[in-house]
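Quick one: this structure, given as structure tokens, is what I'll be asking you about.
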Amino acid sequence: MSTPATPPRSLAEALRSRDDASLALLLRARPDLITPVPTDLTQLATRAGTRASVVRALERLDRFALQTAEALAVAGDPASYEELLGLMGGDAGDHAVAAALPRAVGTLREQALVWGEDTRLRLVRTARELLAPSPQHPSPTGLGPTVQEASAGMSPGRIQEIVTAAGLPSTHDSVSAVAALTGLFTDRRRMAKLLGGLPEESLDVLRRLMWGPPYGQVTADPAPRLRRLLDLGLLLPTAPGTVVLPREVALHLRGGLAHRATEPVPPVVEAAASYRPQVVDATAAGQAYTALATVEELLKDWDEGGPAVLRAGGLSVRDLKRTAVALDVPEPVAAFWVELAYAAGLLASDGEADERYAATPAYDEWLEQPPAERWARLAEAWLAATRTPGLVGGRDAKERTLSALGPGLDRSAASEVRHRVLTLLAGLPEGAAPTAESVLARLRWERPQRREDDLRARLAQWTLSEAELLGVTGRGALAAHGRALLGVSAPGRVGAGSASPGAAAGGVAGAGAGVAHDPAGAGDKLPVHHHVPGPAEPLSAAEQAVAVAAAGRLLAPLLPEPLDHVLLQADLTAVAPGPLRRPLADMLGVLADVESKGGATVYRFTPGSVRRALDAGQSASDLHAFLTAHSRTPVPQPLAYLIDDVARKHGHLRVGAASAYVRCDDDAVLNEILADKRAAGLGLRRLAPTVLASQADPSALLDGLRSMGFAPAAESAEGDVLIARAHAHRTPPRTAPEPVPDGPPVPDATLLAAAIRAIRAGDLASTTPRKQAPSAGPTGELPRTSSAETLATMQAAVLTGEALWIGYVNAEGAASQRVIAPVRVEGGFVTAYDHTADEVRTYPLHRITGVAELADD
């Protein structure tokens, strides 16, 4: 950054002295400043001082940088660097503060919150108003108003009484009296002598107010210990019954410190345990496979149309409970899987009149991908999503319950917090699992929470648990494919990312403590120094795609290979010792019921499951051939008998539409049905020896007869057996939900370069000295010249190559001023290089209001 010859008198002048690289850092840190692009640096400075922009910038400061800004807000205006160092380090000094303060001041300067030289540091006015102490908005420093501010409403006589009581000579006016009192309170030696003469009871009062809040209550007749303080001006009245400890007195009592505790160094992310990297990767891969199976099971359960959409949107509490039971997980975890599938674009509402949730066409494409690619798609969606499943079951601002898939779950900070938490995990040694408390402490330091609702802490806790569920971490430690997902590689390993964690950070680095590898696979806290990365630049879309693909490649060898066989057992069960290939899994899911899941899946064959396969069009011979082909053990005799027995009865009864009817060639079977008391609710009556009619509909009649132990088959109007096949309900093509941005996006290098070029050009046009033409308006207005004068001046400038200042009105009637260098004048148009736009343009002469020459200098 270039140093100006004279100190800047405003923020605009300070920005004008910066080079392009420094302006790029500002615009990248505060992207709201170029939305839209300012016309010049004066407008950029004005926008940088607006309340909304300053609040956003302050909220993104780390704790020490924010403490530095708070100290500047209670310092003089302007303040020297030495005065600021005294407020941050105290009279005794602090080496850590002295080492970290240049970085904090540099951050504030970079973000245009502070400007000026080290001898005259100025906090922008809006930031000072936000951070300076006031009765309505106490300062985080706990300091109160200065003597001058607190005594503003006091009578001159009362001020003179205080000056005299403090042993100072009386003055002729209140201003000099207040200045003398301020000088006494800021003189360490004289102030120590003054306090040394006070009783201990009075000193206790001052100590109670020393760290804030600085306000206290007094009665109309204060006690002697308070009266002495009021007489000396050590407490000043601000309102009837209210006194305040002046800022200068508090700083003396504190030893010059603006804060009770400064935090110049970020907290270290500590490791709770350490595991071998191979154990972490294998554990995470196992959980990644479970995640794929869970999402697939969820959408298979909703294959024929899932739960209805609430009128206000989202899942009902009952449907979420039902989904949790089907997935055998707690309700919060079920909400996470539902939201994850939604974020990945695998499920959505179908948009029908009777609106329901169902899988999207993208789900069928997702099923055909290799397992590692399917996981990578889920992980990418999770990392970028701003919908927050952890909020499900809570209430919004209007006390309405937040439901899964419903509105109100977006939190713009969610994606940024997920990236940051995983980046902190990437800074630990391989296999190290952090303590949640140290992660939260680090996040609180990086973004001090200024609101009561500590959303970032909750987002961080949810991130740690969700990363474990998804298989990004294993046993709490970041897996290799999790590092690749961030675009970083493991320390000491050539990974898929582009940089080490430290290189990717690009921010504050701090030494921390981790743990050594524990050969046994687990261990207690063992300190090991390592690098903790700082906030990283977000990956571009292309870089993120590369990182996701790399994560999939690292995960692929760790996932189990699908099997093409099961182990049939004599107790009518089949054991799948691992994941099954899709055709086998689909067929087995129809023929048997899942009894238990885990490392191996146990399927149980029942009469109902076999009948389900027969209803789907399979024959007994087909089922025998299928089991023989895919079992590593012989087909047990009980299972073969079960299939044959169910097949023998299947279709013996036929049900059609009457409302419904039952027909059977064996009238004895129909007599048995009529005699059964359980058939009373079906409203059966005999139409013919082999036909019964029912008042129930065919589906109810089928279910009723099956509950009585029969195996009826449905038939068509032509008398053919109807094959019951599952109907896969799909929504129309749907796009995944877009994340809600946390403010304007960070501009890329191309946009930054174009914005800076436009701002520089506009600033040149607005600040270039001009000759005041006789017909030109007052300074700041557009020049006014006749058409003949305009044409003559333009033609002369073409010959001399000089630049001109013109006023121009476009086709929409918007007026602007520009600096141009005319190249050609013909046909009622002037072609010139426009310094404001930094390009060659052509202007109609009739739209130019006037022209003036630039000053010689």
Exercise. If only atom types and distance count, is the side chain of Glu373 paired as donor or acceptor with the main-chain N or O of Gln369 below 3.5 Å?
Worked result: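 Here the side-chain-to-backbone pair does not exist.
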
Exercise. What is the distance from atom CD1 of Ile756 to atom CG of Asp20, rounded to the nearest 0.5 Å?
Worked result: 5.5 Å

Problem set entry | side-chain contact (heavy atoms from CB on, under 4.5 Å) between Leu84 and Leu121, worked out | CA-CA 9 Å; Leu84 176 62; Leu121 293 173; 4.2 Å; yes

For this session: Decide yes or no for Thr386 and Arg418: does some side-chain heavy atom of the first lie under 4.5 Å from some side-chain heavy atom of the second?
Result: no

Problem set entry | Nearest heavy atoms of Glu466 and Pro389, plus distance in Å |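 Reported closest heavy-atom pair: OE2-CD, 4.0 Å.
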
Problem set entry | Nearest-0.5 Å distance, CG of residue Leu44 to CD1 of residue Ile34 |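 Between Leu44 CG and Ile34 CD1, I get 9.5 Å after rounding to 0.5 Å.
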
Problem set entry | Check: Tyr357 side chain, Gly314 main-chain N or O, donor-acceptor pair, under 3.5 Å |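 Yes.
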
For this session: May I have the step-by-step check of side-chain contact (heavy atoms from CB on, under 4.5 Å) for Ile759 and Thr39, ending in yes or no?
Result: CA-CA 6 Å; Ile759 293 171; Thr39 57; over 6 Å; no

Exercise. How long is the gap from CG on Leu72 to CE on Met88, to the nearest 0.5 Å?
Worked result: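 Going from CG on Leu72 over to CE on Met88, the span is 9.0 Å.
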
Problem set entry | Rounded distance [0.5 Å steps], CG in Leu66 versus CH2 in Trp445 | 11.0 Å

For this session: Find out whether Arg456 and Leu440 are in side-chain contact, i.e. whether some heavy atom of one side chain is under 4.5 Å from a heavy atom of the other.
Result: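 Arg456 does not reach Leu440 side chain to side chain.
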
For this session: Identify the heavy atoms of Leu554 and Ala484 that sit nearest to each other, and give their distance.
Result: CD1-CB, 3.6 Å

Exercise. Going through the distances and angles, do Leu315 and Val309 end up as a side-chain contact (heavy atoms from CB on, under 4.5 Å)?
Worked result: CA-CA 6 Å; Leu315 281 179; Val309 181; over 6 Å; no

Exercise. Are Asp281 and Arg483 close enough, and set up right, to give a salt bridge (Lys or Arg N to Asp or Glu O under 4.0 Å), and what steps lead you there?
Worked result: CA-CA 11 Å; Asp281 293 349; Arg483 294 177 187 272; over 6 Å; no

For this session: Give a yes or no answer on whether the side chain of Glu13 reaches the backbone of Arg9 with a donor-acceptor pair at less than 3.5 Å.
Result: yes

Problem set entry | Donor-acceptor contact below 3.5 Å, side chain His481 vs main chain Ala284 |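 It does not hold such a pair.
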
Exercise. Are Val392 and Val338 side-chain neighbours, meaning at least one heavy-atom pair lies under 4.5 Å?
Worked result: no

Exercise. Side chains of Leu478 and Val280: closer than 4.5 Å at any heavy-atom pair?
Worked result: no

For this session: May I ask you to check whether Arg411 and Thr388 show a side-chain donor-acceptor distance below 3.5 Å?
Result: no

Exercise. Does the side chain of Val417 come within less than 4.5 Å of Val421's, by heavy atoms?
Worked result: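 Touching, per the 4.5 Å side-chain cut-off.
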
For this session: Give a yes or no on this: more than 12 heavy atoms of other residues, nucleotides or ligands lie within 6.0 Å of atom CZ of Arg395.
Result: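 Yes.
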
Exercise. Strictly by modelled atom types, are Arg109 and Ser22 linked by a side-chain donor-acceptor pair under 3.5 Å?
Worked result: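 Not at all, the side chains of Arg109 and Ser22 share no donor-acceptor pair under 3.5 Å.
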
Side-chain donor-acceptor pairs of residues 359-367 under 3.5 Å, sequence neighbours excluded:
unit_1	atom_1	unit_2	atom_2	d
Thr360	OG1	Gly345	O	2.7
Thr360	OG1	Leu346	O	3.4
Thr360	OG1	Ala362	N	3.3
Asp364	OD1	Arg730	NE	3.3
Asp364	OD1	Arg730	NH2	2.9
Asp364	OD2	Arg730	NE	2.9
Trp366	NE1	Arg374	O	3.2

Seminar exercise, completed: Shortest non-hydrogen pair, Pro371 vs Leu292, comes out as O-CD1, 3.3 Å

Problem set entry | Pair Arg125 + Glu129, salt bridge at N-O below 4.0 Å |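 Judged by the 4.0 Å cut-off on N to carboxylate O distance, Arg125 and Glu129 do not form a salt bridge.
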
For this session: Return yes if some donor-acceptor pair links the side-chain N/O of Thr126 with the main-chain N/O of Gly49 below 3.5 Å, else return no.
Result: yes

For this session: Would you check if the side chain of Thr35 reaches a backbone N or O of Pro31 as a donor-acceptor pair within less than 3.5 Å?
Result: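 Checking the backbone N and O of Pro31 against the side chain of Thr35, a donor-acceptor pair under 3.5 Å is found.
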
Seminar exercise, completed: CG of Leu15 to CH2 of Trp115, rounded to nearest 0.5 Å, is 10.5 Å

For this session: Taking all heavy atoms of Ala132 and all of Ser139, pick out the closest pair and write down the distance.
Result: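 In terms of heavy atoms, the two residues are closest at C-CB, 4.4 Å.
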
Exercise. Salt bridge between Asp350 and Arg734, side-chain N to carboxylate O under 4.0 Å?
Worked result: no

Problem set entry | Under 3.5 Å: donor-acceptor pair, side chain of Arg28, backbone of Val746 | no

For this session: Please assess Thr42 against Arg16 for the test side chain to side chain donor-acceptor pair (under 3.5 Å), listing each intermediate value before the final yes or no.
Result: CA-CA 9 Å; Thr42 300; Arg16 200 163 282 125; 3.1 Å; yes

Exercise. Is the side chain of Glu380 donor-acceptor paired with the backbone N or O of Val548 at a distance under 3.5 Å, no angle test?
Worked result: no

Exercise. If only atom types and distance count, is the side chain of Trp375 paired as donor or acceptor with the main-chain N or O of Leu470 below 3.5 Å?
Worked result: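 Yes; judged by distance alone, with no hydrogens or angles, the pair exists.
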
Exercise. Is any side-chain heavy atom of Tyr843 less than 4.5 Å from a side-chain heavy atom of Asn810?
Worked result: no

Exercise. Using 4.0 Å as the upper bound for N to carboxylate O, is an ion pair formed by Arg447 and Glu59?
Worked result: no

Problem set entry | Glu339 (side chain) donor-acceptor with Ala404 (main chain) under 3.5 angstrom | no

For this session: State, with a plain yes or no, whether a side-chain heavy atom of Phe336 is found less than 4.5 Å away from one of Trp382.
Result: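 When only atoms from C-beta onward are counted, Trp382 and Phe336 do touch, with a gap below 4.5 Å.
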
Problem set entry | Between Glu270 and Thr435: side-chain donor-acceptor atoms closer than 3.5 Å |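 The answer is no; no qualifying pair exists.
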
Problem set entry | Pairwise side-chain contact, Asp32 with Arg56, heavy-atom cut-off 4.5 Å (strictly under) | yes

Seminar exercise, completed: Scanning both residues in full, the closest heavy-atom pair of Leu298 with Ala341 reads CD2-CB, 4.4 Å

Problem set entry | Asp834 side, atom CG; Tyr808 side, atom OH - distance, nearest 0.5 Å | 10.0 Å

Seminar exercise, completed: Tightest non-hydrogen contact, residues Leu402 and Pro407, listed as CD2-O, 3.9 Å

For this session: Test side-chain contact (heavy atoms from CB on, under 4.5 Å) on Val268 and Ser438 and set out the steps.
Result: CA-CA 7 Å; Val268 173; Ser438 65; over 6 Å; no

For this session: I would like to know whether Glu416 and Arg420 meet salt bridge (Lys or Arg N to Asp or Glu O under 4.0 Å); could you show each step before the answer?
Result: CA-CA 6 Å; Glu416 186 265 333; Arg420 187 64 194 129; over 6 Å; no

Problem set entry | Distance-only side-chain donor-acceptor flag, Ser349 / Glu355, under 3.5 Å | yes

Exercise. Would Glu468 and Thr473 satisfy side chain to side chain donor-acceptor pair (under 3.5 Å), going step by step from the backbone distance to the final call?
Worked result: CA-CA 5 Å; Glu468 193 74 13; Thr473 59; 2.6 Å; yes

